[in-house]
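Here is the structure we will look at, set down as structure tokens.
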Amino acid sequence: MENIKVMSVFGTRPEAIKMCPLVKELQTRPEIESLVCVTAQHREMLDQVLQAFQVTPDYDLDIMEPSQTLMRITAKVLEGMGGVLEQAKPDLVLVHGDTSTTFVAALASFYAKVKVGHVEAGLRTYDKYSPFPEEMNRTLTGDIADLHFAPTRANAENLRRENITKNVYVTGNTVIDALSTTVQHPYTFACSRLNQIDYDKEQVILLTAHRRENYGEPFQNIMDAARRVAQEQPGVRIVYPVHLSPYVQQMARDNLGDIPNVELVEPLGVVDMHNLMERVTLVMTDSGGIQEEAPSLGKPVLVLRRETERPEAVAAGTVRMAGVERDAIAQMALTLLRDPAEYRKMAQAVNPYGDGQASRRIADAILYAFGRTEQPPEDFAATAES
């Protein structure tokens, strides 16, 4: 019997962080021939992760170009994937989450009549413009996919409400698998400025802000809030790894570049990022993945968005929705920095998103779906959901 040819397709740094542990797992299965195709929707940040996990792509579309638009990304991935699928002839294409690469690779696979597995399926805000374009990317991918790997039972229930009931597996999130290998003690940061911080004695905030739907007034509010926290709490240090987007770079420089207790640093590699997150006091972010990573490390998270497609950690108490209004963001942060009781309420390590076994469950589910095993994997059940 021939091996199942499984091609993992991803293109951005967050996707790579979550897909590389799965790629490594697939490589251990004798029944599976594992292939990797990257679109390089993000180039430099993607390559950092590939290097950290020692994953070498079999195919590289290398689509990134200056000031690329969503339409340009879509056209280049669709055309590039057409050639890759024709050459590789996979039995299954795995896509992750909600990027433009995710949706377009799934669409190309559908056109080629190749089965699609959706890793991190079932996240929803039910607002097609928030996050934009991610909400529609993941919803449309869900319509195309043949296998659905939902991180949590709540994600699986979202799919069921959309009449997606077949081949839905609750696996946990592969990002927790990644954390189990990247967080290290002791650790020396590749970014030398991070080695100069005394994490035991200083209050340190990790700030990330880059979401496209926050551009404009919301982003200005986030910058203003960070500036206020830094100025009103001079003993705090804010570390802001600044996304490579020209808009984000300029906003960070213009608003925070002159504040002595704000560190504007280059985008961090995955290992630096995870180890920084493990050492800080508090996280403020508009990212999706960090909402899953930080709670597993016992770090309070303030989400700089109006809604989240990851409600499990909100229910568990380690994540709060700060929104995009300056005063509300600043007040929440200052309260956590100044009130030990409020801080302790949120600083509890919970794993609503995984137990480090998501990649194993996904690989087992693939073998089951292709008739190579008789039993499906057991569902992941988070304590916060039980």
Side-chain angles (χ1 to χ4, degrees), residues 175-176 179 182-189 191-210 222-242 252 255-256 259-265 267-268 270-305 308 310 313-314 316-323 326-353:
V175 77
I176 309 303
L179 283 172
T182 54
V183 174
Q184 302 162 18
H185 290 278
Y187 181 74
T188 301
F189 290 94
C191 177
S192 59
R193 288 165 68 186
L194 300 181
N195 294 316
Q196 299 165 15
I197 299 172
D198 189 335
Y199 298 94
D200 294 326
K201 294 182 179 177
E202 294 184 60
Q203 287 184 312
V204 183
I205 295 175
L206 168 60
L207 170 66
T208 78
H210 70 275
I222 292 168
M223 295 294 99
D224 289 345
R227 188 179 184 93
R228 179 182 159 191
V229 170
Q231 291 174 333
E232 291 191 18
Q233 194 79 1
V236 78
R237 193 189 302 230
I238 298 176
V239 178
Y240 182 7
V242 185
N255 289 279
L256 302 174
I259 303 179
N261 54 335
V262 174
E263 302 277 357
L264 300 181
V265 300
L268 300 178
V270 58
V271 183
D272 263 11
M273 188 60 144
H274 285 174
N275 281 279
L276 176 61
M277 200 181 310
E278 202 272 338
R279 289 159 172 79
V280 300
T281 309
L282 167 66
V283 177
M284 298 168 59
T285 184
D286 65 0
S287 168
I290 290 175
Q291 294 176 51
E292 299 153 347
E293 295 160 346
S296 301
L297 300 170
K299 303 302 174 179
V301 181
L302 298 182
V303 177
L304 309 175
R305 291 166 57 186
T308 181
R310 295 168 170 88
V314 177
T318 59
V319 166
R320 291 181 184 171
M321 301 303 299
R326 180 195 61 189
D327 292 342
I329 295 168
Q331 195 54 54
M332 280 192 187
L334 290 167
T335 297
L336 288 171
L337 294 170
R338 294 169 177 172
D339 187 333
E342 277 299 302
Y343 183 84
R344 282 194 299 272
K345 277 189 206 175
M346 291 187 72
Q348 47 184 310
V350 295
N351 273 314
Y353 299 113

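- Judged by distance alone, the side chain of K299 and the main-chain N or O of M277 form no donor-acceptor pair under 3.5 Å.
- Of the possible polar contacts, one joining the Y353 side chain to the R310 backbone as a donor-acceptor pair under 3.5 Å is found.
- Judged purely by atom type and a 3.5 angstrom limit, N275 uses its side chain to pair as donor or acceptor with the backbone of Q184.
- When atom types are taken as modelled, the side chain of R227 and the backbone of N255 share a donor-acceptor pair closer than 3.5 angstrom.
- Judged by distance alone, with hydrogens and angles left aside, the side-chain atoms of Y343 form a donor-acceptor pair with the main-chain N or O of T281 at under 3.5 Å.
- Smallest separation of non-hydrogen atoms from D272 and C191: OD2-N, 3.0 Å.
- A donor-acceptor pair under 3.5 Å is absent between the side-chain atoms of Q233 and the main chain of V229, judged by distance alone.
- Side-chain contact between L206 and T285 is absent, with no heavy-atom pair separated by less than 4.5 Å.
- Side-chain contact between Y187 and R279: present, with at least one pair of heavy atoms (C-beta onward) separated by less than 4.5 Å.
- A donor-acceptor contact shorter than 3.5 Å is absent between the side chain of Q291 and the backbone of V303.
- Side chain of D286 to backbone of R305: no donor-acceptor contact under 3.5 angstrom is found.
- N261 places a side-chain N or O within 3.5 Å of a backbone atom of V236 that can act as its donor or acceptor partner.
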